[in-house]
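Accompanying notes for the structure given below.
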Amino acid sequence: MIRIVESKIDREKIVQSVSTPESGAIATFDGTVRNHSREKPVTHLHYEVFPEMALKELEKIRAEAMQRWPLNGMAIVHRVGRMEIGESSVFIAVSSAHRKDAFEACRFAIDTLKTTVPIWKKEHYQDGEVWIEGYGQ
Amino acid sequence: MIRIVESKIDREKIVQSVSTPESGAIATFDGTVRNHSREKPVTHLHYEVFPEMALKELEKIRAEAMQRWPLNGMAIVHRVGRMEIGESSVFIAVSSAHRKDAFEACRFAIDTLKTTVPIWKKEHYQDGEVWIEGYGQ
Amino acid sequence: MLKVRFFASLKDLVGESEMEMQLEQETSVRKIFQQLETRFPEIKKYESILLVAVNMEYADLDSTVTPGDEVCFFPPVSGGTG
Amino acid sequence: MLKVRFFASLKDLVGESEMEMQLEQETSVRKIFQQLETRFPEIKKYESILLVAVNMEYADLDSTVTPGDEVCFFPPVSGGTG
């Protein structure tokens, strides 16, 4: 499952999509909206996406991970639009026979996503808003 | 949340228990029952526990992790009794401001659990059953 | 013709998300960027950090574009959290 | 008196999950184990791998036990999956 969604991320559904009888391990990463950033209180976030290319880049991440590690499944879902504090902006689930592979591939996926997938975050504060632009922030 | 349970593990509830407004990352590990082990088809598993000591050891893992990494929360839930293929035997959720800490602490928790928490797995096959005893298997 | 798209702060700077530019023959992304610079001088500050995609594949200022291509300019990405 | 508990395959081998043993004065876990060996000779094969807990804290064969303690013997743990 590779998706860009505009509504709340359903973690349980994504985990189930990678669960297989051959899997002994499922590692997940959930990126949630923090109430502060660089010492400044954040009220909410807004994510903009270049949708067609973002899906292509997410597919590339999955293809590379499936080739590098013996995985049974990988799902990546990124939400775009407005998000409140505590909500998930991105959720990644990886299943494999053994935990080492699931952990490594999950971390690879989020690290790579943050440098290659065309999605941009705008932080909103009480007194304004700022585009966050940078590598892996 | 540190628990030994006999019924199905509710992943979503455990994730929510570690979610805080200060967290930007939640890493989870889900240990699921595989349909094979050492090339042999497994029909189901049974876990035995030394409950009082298992809870103490789980608490120690959390205390050590909270001290070593800047975490916002860690939950560990282990299920005991009979489990079917695909079901979760253990679920760990870790929240932190930044993903590196959540990933590292989550992996530390499952690696440590497998060597210190007094719980034993018995694999059931079509033609018998075997206690699995060993380090980190 | 060439389709040019902008995202995030670059879209704000240019004031629109896409535009068409005249293009009769093969050229470089850099040449396109320089034409944009004459219309939007502030875009210059992005030169060393911006990301470029030609037909939805990452490219760079030295990449070639031909009529009919789609060129996208955007700042370093910042998806996810954590 | 001393309370002795067994888990997993050690419980199967001994045939019960707990028992009481006479203990009048301080001794070592090893001494307790040796007494068990005379009743359950097969337990010997666990000597090099077994885990020991005294009053729910990990200990070893050289640890001291005193009357009233609880000593647990069990094989290497195997919780979790993956």
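The chains referred to below are lettered A, B, ... by the order of the sequence lines, with proteins before strands, and numbering in each begins at 1. Quick caveat: nothing in here was measured; it's all calculated off a predicted structure.
- Within a 6.0 Å sphere centred on CD of A/Gln126, heavy atoms belonging to other residues, nucleotides or ligands number 12 at most.
- A side-chain donor-acceptor contact under 3.5 Å links A/Trp120 to the backbone of C/Pro75.
- The closest side-chain heavy-atom distance from C/Thr81 to A/Leu45 is below 4.5 Å.
- When every heavy atom of A/Lys60 is checked against every heavy atom of C/Glu57, the shortest pair comes out as NZ-OE1, 2.9 Å.
- Heavy-atom distances place the backbone of A/Val49, and not its side chain, under 4.5 Å from chain C.
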**Asked** Can you list the steps and then say if A/Lys122 with C/Asp12 is a side chain to side chain contact (heavy atoms under 4.5 Å, CB included)?
**Response** CA-CA 12 Å; A/Lys122 189 184 256 181; C/Asp12 294 351; 4.1 Å; yes

**Message:** Does C/Lys11 form a side chain to side chain contact (heavy atoms under 4.5 Å, CB included) with A/Glu48? I'd like the steps, not just the answer.
**Reply:** CA-CA 11 Å; C/Lys11 181 178 69 179; A/Glu48 180 178 324; 3.0 Å; yes

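- Proximity to chain C (any heavy atom under 4.5 Å) is shown, for A/Phe91, by neither the backbone nor the side chain.
- Contacts of A/Tyr47 with chain C are made by side-chain atoms alone, with heavy-atom separations under 4.5 Å and no backbone atom involved.
- Neither the backbone nor the side chain of A/Ile92 comes within contact range of chain C; no heavy atoms are under 4.5 Å apart.
- Residue A/Glu52 touches chain C through both its backbone and its side chain, counting heavy-atom pairs closer than 4.5 Å.
- Residue A/Lys56 qualifies as enclosed at atom NZ: its count of foreign heavy atoms under 6.0 Å is above 12.
- When all heavy atoms are compared, the tightest approach of A/Val117 to C/Val77 is O-CB, 3.2 Å.
- Closest non-hydrogen pair, C/Gly80 versus A/Ser89, comes out as C-OG, 3.6 Å.
- The structure places CZ of A/Phe50 at 12.0 Å from CG of C/Leu51, a figure rounded to the nearest 0.5 Å.
- Under a 3.5 Å cut-off, the side chain of C/Ser78 and the backbone N or O of A/Glu133 do not form any donor-acceptor pair.
- For A/His78 (side chain) and C/Gly79 (main-chain N/O), no donor-acceptor pair under 3.5 Å exists by modelled atom type.
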